[in-house]
Amino acid sequence: MSNENLLLLAIAIPALTPFLLALFGKLPNLRDAVSVVASIATFAAVLHLLLAVIDGARPAISLLEVMPGLVLGFEIEPLGMLFATVASGLWIPTSLYSIGYMRGAHEKKQTRFAICFAIAIAAAVGIAFSGNLFTLFIFYEVLTISTYPLVAHKETPEAKKGARTYLAILMTTSILFLLVALIWTWNITGTTEFRAGGILEGHIDPALVPFLLALFAFGIGKAALMPFHRWLPAAMVAPTPVSALLHAVAVVKAGVFTMLKVGTYIFGVGFLSKTGAADWLMWLAAASILIASIVAITKDDLKARLAYSTVSQLSYITLGVALATQMGVVGGAMHIVTHAFGKIALFMCAGAIYVAAHKTKISQLDGLGRKMPITFFCFTIAALSIIGLPPFAGAWSKWYLMIAAAETSHLIIIGVLMVSSLLNVAYLLPIPARAFFLKSKDDDANGKIEEAPLFCLLPICFAALGCVVIFFTIGGLYEYLLNIPILPESLP
Amino acid sequence: MSELAIDLEFILGRYNYWLFSILMMTGLYITVSRGNLIKKIVGLNIFQTSVFMLYISLGKVTGGTAPILTGDPDTVYSNPLPHVLILTAIVVGIATTAVGLALVVRIKETYGTIEEDEILELEHDMDFGNGAPQGGSRA
Amino acid sequence: MMALIEPHLPALQVVIPLVAAPFCMMLGRGGLAWIFASVVSLATFVISIALFAQTYDGTIISYHMGGWAPPIGIEYRVDILNAFVLLIVSGSAALVLPYARSSVAAEIPAERQALFYTAFLLCVAGLLGVTITGDAFNVFVFLEISSLATYALVASGAWANKRALTAAYNYLIMGTIGATFFVIGIGMLYSVTGTLNMADLAVRIADHGDSSTLRMGFVLILLGIGLKLAMFPLHLWLPNAYAYAPSAVTAFLAATATKVAVYVMLRFMFTVLGFDYEFQADTLRMVVLPLAIIAMFAASLVAIFQDDLKRMLAYSSVAQIGYILLGLSLLNETGITASIVHLFNHAVTKAALFMVAGCFIFSAGTSSISKLAGVGRDMPWTTAAFVAGGLSLIGLPLTVGFISKWYLVLATLELGWWPVALMIMASSLLAIIYVWRVVEVAYLQPAPAGVTRKEAPLSMLIPTWIFVGLSVWFGVNAMLTATAAGRAASALIGSSHILWKD
C-alpha cells in the first residue's frame, strides 16, 4: 500500500470507527473490542508511515479544493509524524484503560463516549498530517466539537458548567483570533501552506509581526497559554480517560503542536529571531510556567493540580517556539513526547485511585500507598519524569530547552526553568509521599481498598515504563528531530 | 422683489410635488399614529394615492392632449406610460387593501377588537397571563 | 420539443407557477393540490437549473416579453447573479413542498389547504418574477404579488396561533410602506431618465450624472428595500411573521423572501444606480455598514433571550442579514462575493433550521426551548440536524457558514478594516451562545417524565436533511457557489460606474 493511502487510512480508521461503534452500541464487549482493534490498526498505519518518514519519504495528498485556492490536503513532515505517533500510540493503552475505568466507575452512555473519543483521535491525526494551515484549522475545530460531549459526559450541573467554559474559551479564541490570523496570512501571502523557513518573510511589515504572532499564540487556545488556560482545569470534570489522553496528550498537544508548526513553517524560526517578534511570547510563556506551577501547589483536587501542571508544562513548548532556535524547536517537540508519557501516567493513576478508592482529593490519599503500591510507584516515576530528573524522560527535553536558552543567552529563562523544576517537586512529590508515609486516619474505611482492575493497571505500568525507556533511547529521537527543516529550502 | 417672484415661481411651478408631499406625509402619519386597524389602512391608501398623483403628473406634457392617435403629426401628447404604470399600481393597491381588510375582519373575529392597544394587551396576557398560550408563544 | 421550449425558458420560469396557481385552487381538497404544486415547483426548479447552466460562464440571456424589444418592451434578463438567486428560490420551493405535506396537514384545516398551496405558488411566481425581470416597474409589481401571497401565507398560521393574524397585518403595513417608497424611488429615476429598463437606466443615469432627484431616488429605494429585507432597524415585522407563520412557510420565507430583496438591492445599487461615487458610497459605508454591524450584535443578543425556537431563529435571521449587508456595503469585490455566497449559504442553513423547528412542533407539539428538554434522545435525527445547522450558523469549518465568514473577513482585511473583522468574529460568538443553549437543553437535560415524542415523519426529515446535506456539501466543496458568487460580484462591479479606486 502506498504511503499516501496509508496516510488517508490513518485518518479514516478512527473517523469511520464511530459507525461500527454505533452499530454495536447494544453489545458492550464487541463495541469495546472494536475500539481496541481500531486503535491498534491506526497505530500500525502510523508506525508504517513513521518508518517511511525516517527513510526520508514525505507523503503528500490533496483531497479537494474547498474554495478557489484553498485546498484540503495532507503532507507528512517529521514534526507532524511525531505528534501522530504519540497520539495514536497512546490511544491503545487509553482504550484499554477506559474499558476498565468506564465499567469500574459504572459510567452511562459509554457508546457516545467511545464514538466521540474515536472522532477526537481522527481529528488529532488530521491535525498532525495537515498539509496547510487551512486544513489544520478545520481539524482543530473538529477536535473542539468532538471533545465537548466527552467533557459534558456526566451531565451533572458541574459537568455542564465545565463543558461550557471549555467550549466558550476554545471557540472564542479559535474564531476570534486564530481564524482572523489565518485569513490575514492568506490575504497577505496568498497561501496557507506549511513551508520550511516560513511563508511570511517579505510579505508583512516587520512591525506587524508581533501582532500576527499574538493572534496565533492566543488563538491557539488549546496551547493553554495564560490568560486563556481556564478551559483546561474546567475540562477536568470529564471522566479520567478523557483527561488522560485528550487533556494531557491529544487536545493540548494539538495546541502546542500547532504553535510549533506555525512557528517553524509559517513564521520561520529565522524570521522570528530576526524580527524579535517572539520576545514577548517568551516572557509570557515563562510567566505562565511559574504562575501555573504556583497555582498547582494550592490545589487539593488531584486532577485540578495535574491540570495546572499541564498548563505549566505546555508553556515549556511555547517557550521552545518563542526562543526561535533549532534547539528550542527540538526541545519543544521532545517535550511533547516526554510530557505525554509522564502526564498520561499521572492521570491514569488519578483515575485508578478514583475507581478503586473513590478519592479525588490529595488530602484523602494518606496511607493509600500501601493499599495500591503499583499505582503509586508508577505515579512516583511519572512525577520524577515531569520534574525532569534523570533517568527519566523529562530530563532530556528540559535539557535541550536550557541549551536553547543558553544559545540565545537568556539566562533568566534558564533560571525560570530551574525554579519551575523546584515547584514541580513541591506540587508533585508530596502526593506519593503522603500515600506511602502518612498513616490514614480512618483505616477501617480504607480496609477494603485494593488495586484498580487489571485493565487500568497495565496501561499505567506501560506509560511509566515509557518514561524510563525514552530516557535511554533519546539519541534516536534527537537525531530524528534534527530532520525538522528550519531553514528555507534553497530553490533549485 | 424679483427674487421673491422667482421663489414664488419655484413653489407654484412645482405645486404637484407639494401636494404629493403633503398627501404622502398625511398618509404615512395616519398609518403610523392611528391605533385603529381600519384607519391605518385608510392612511395607507392615502399614502399610495399620493404616489399615483406623482406619477400621473410626471407624465403630463404642457399643452399635451390625451395620447390617442389623431393623425395630426403636430399634436402634442401627454406621456401615456406613467398612466399605464399607475393603472397597475392601483390594482396592486386595491389588492393590498382587500387583503388588509380581510385580515382586519379575521382579527375582529378572533380578538374581538380592532384597536391596536387592546390587541397588544390581549397578546401580553397570552404571553405572561394565565391564559394558556398555544403553539409557538413564549410560556 | 426542447428546441421549441429552450428560448422561452426565462418566460416559462415565471409563467408556469403564475398560471398554475388558479388551477391549483380548483383542485379542491389538500392532496391533489399538493401534488400539483410539487410538480409545478419541480418544473420551475428544473428550468432554473437550465438557466443557471446557461449563464454560469458569464453569458447574459435577454428575453423580450411578447417580442417587444427593450427599452419599450419588458425585458427578462438573466445573468449569473439572478440565475443564482432563481436557483435558490425555486430549489427552496421544490424542497419545502414535500416537507409541507405533513406539516401543513397538521397546522391548516383540510378545506383550506388548496388555497394555501395556491398562495404558495403565487409567492414563488412573484419571487421568481422579481428576480428575473429586467424592468424596474416590473420588479415592484412582482414584489407585491409575492408580498400579498406572503401576507396570506403568514396569516394562515392563525389556526395554530391567532397571533399570526396580527403578525401578518403588521407585515402588510410595513411591507406596503416599503413597496410604496420603492415605487416612488423608481418614479424619481424615471423622471430623470424617461426609461424603466434597468440596463437602459444604467446607461442613461451614467450620462445624466449626479442630481438631487437621483439621490432622492437612491435613498427611497434603499429605504423601501430595507423594509422588505428587514434591514435593522426596519426589521420589526420579521420576528413575529416568522414565528407565527406555518412551519413550512417560515422555512420557505427564511430561505427566499429576504434573499430576493437583497438581490434587488444589489441590482439597484450596483447595476442601475452606480452613478455617484461620493453619495452612494458614503451612504452605504456610513449608514448601512454601521446598521449592519449593530444588527449583527443586537439581533444576536435578542436571539439569546428568546424561549421560542422559531423566534430565536428569526432574530438570528436579522443578524445574518446584517452580514449580507455588511458584505455589500464594504464596496469591494470580495465583500460582494461574500454577500452573494451568503445569500445561498444562509438560505440552506436557515431553511434547515426552521424545518427542524417545524419537526419539533409536529412531533413534540411545541417550539418552546424549555419544553424540548431531552429531545435529543427521542428525536435523534431532528436534533442532529439542528446541531449541524447550528454549527453552520456559528460558521465552523466544513459548513457553509464558514465559507461566508471567510470571504467576509477577507474582504474587511483587504480594506485593512481590523475592528470590523474582529466584530464579525465576535458576533459569531453570540451565535454559539444561542445555538448551544438549545443543544444543552436537548441533549444534557433529562426528558420530563411521561412525555412521549416520536421522531418526525420521513417526509419531513428527508427535506430537512437535504438542506443540512447541502449546507455541509457546499461547506466542504464550495467551488461552485464561490465561483458563481465571484463571477456575479465581478459582473456587478464591472457594470457599475462607481470609481473603485479611492
Side-chain angles (χ1 to χ4, degrees), chain A residues 22 63-72 108-109 112 123 126 134-145 148-149 151-157 159-161 163-164 167-188 190 192 208 211 215 219, chain C residues 334 337 341 374 376-377 380 387-388 390-391 394-399 402-416 418 420-433 435-437 439-441 443-446 474-483 485-487:
Chain A
L63 277 190
L64 64 109
E65 206 172 350
V66 175
M67 281 177 269
L70 285 161
V71 179
L72 192 69
K108 286 178 204 145
K109 300 196 177 170
R112 184 175 81 184
F134 176 70
T135 313
L136 194 154
F137 179 77
I138 291 174
F139 283 102
Y140 184 96
E141 294 291 31
V142 172
L143 187 56
T144 310
I145 296 286
Y148 169 81
V151 177
H153 186 82
K154 287 185 177 151
E155 302 192 356
T156 56
K160 266 189 266 181
K161 189 161 167 284
R164 219 180 270 168
L167 194 75
I169 294 184
L170 288 185
M171 280 285 183
T172 307
T173 51
S174 68
I175 291 182
L176 200 55
F177 304 130
L178 183 57
L179 184 53
V180 173
L182 168 61
I183 299 178
W184 189 5
T185 309
W186 161 256
N187 185 26
I188 55 180
T192 63
L208 288 175
F211 292 103
L215 284 180
Chain C
T334 319
T337 309
V341 92
R377 191 200 59 199
V387 174
L391 294 181
I394 298 169
L396 287 182
L398 303 183
T399 62
F402 178 70
I403 309 290
S404 314
K405 293 268 157 65
W406 179 278
Y407 276 104
L408 204 52
V409 172
L410 188 61
T412 56
L413 290 183
E414 277 176 7
L415 292 171
W418 269 100
V420 181
L422 289 178
M423 277 191 263
I424 294 167
M425 291 311 182
S427 71
S428 54
L429 296 178
L430 294 176
I432 299 183
I433 301 179
V435 168
W436 227 260
R437 220 164 53 95
V439 172
E440 269 191 8
V441 170
Y443 281 108
L444 300 182
Q445 277 185 14
F474 285 107
V476 175
N477 184 357
M479 285 304 275
L480 181 73
T481 48
T483 313
R487 284 181 187 164

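Quick note on labels: first sequence line is chain A, next is B, and so on, each numbered from 1.
Using a 4.5 Å cut-off between heavy atoms, A:Leu167 contacts chain C through its side chain alone, with no backbone atom that close. For C:Leu391, the part sitting under 4.5 Å from any heavy atom of chain A is the side chain, from C-beta outward, and nothing else. Contacts of C:Ile432 with chain A are made by side-chain atoms alone, with heavy-atom separations under 4.5 Å and no backbone atom involved. Using a 4.5 Å cut-off between heavy atoms, A:Leu72 makes no contact with chain C at all. If you measure heavy-atom distances from C:Phe402 to chain A, the contacts under 4.5 Å come from the side chain alone. Both the backbone and the side chain of C:Leu444 have a heavy atom closer than 4.5 Å to some heavy atom of chain A.
In this structure, the ring of A:Phe137 has its center no less than 6.0 angstrom from the ring center of C:Trp406.
Considering CE of C:Met479 and CG of A:Leu70, their distance stands at 9.5 Å, rounded to 0.5 Å. Atoms CG and OG1, from C:Leu429 and A:Thr172 in turn, are 5.0 Å apart once rounded to the nearest 0.5 Å. Taking CD1 from A:Ile183 and CE from C:Met425, the interatomic distance works out to 4.5 Å, rounded to the nearest 0.5 Å. Taking CZ of A:Arg164 as the start and CZ of C:Arg437 as the end, the distance is 10.5 Å to the nearest 0.5 Å. Between A:Met67 atom CE and C:Thr483 atom OG1 the span is 11.0 Å, to the nearest 0.5 Å.
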Review point. Given A:Trp184 and C:Trp418, is the side-chain contact (heavy atoms from CB on, under 4.5 Å) satisfied, shown in steps?
Key: CA-CA 10 Å; A:Trp184 189 5; C:Trp418 269 100; 3.3 Å; yes
Point to revise | Intermediate values then yes/no, ring-ring contact (aromatic ring centres under 6.0 Å, His included), A:Tyr148 and C:Trp436 | key: CA-CA 11 Å; A:Tyr148 169 81; C:Trp436 227 260; 5.1 Å; yes
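Listed options A:Phe134, A:Phe139, A:Phe177 were ranked by heavy-atom pairs under 4.5 angstrom with chain C; first place goes to A:Phe134.
Looking at heavy atoms from C-beta onward, A:Val180 lies out of side-chain contact with C:Ile424 at the 4.5 angstrom threshold. A heavy-atom distance below 4.5 Å is found between the side chains of A:Lys160 and C:Gln445. Between A:Val66 and C:Asn477 the shortest side-chain heavy-atom distance does not fall below 4.5 Å.
The side-chain contact (heavy atoms from CB on, under 4.5 Å) test with A:Ile145 singles out one residue from C:Leu396, C:Leu398, C:Val387, and that residue is C:Leu396.
Contact record, C:Pro397 with A:Ile138: CB-CG1, 3.6 Å, taken as the closest heavy-atom pair.
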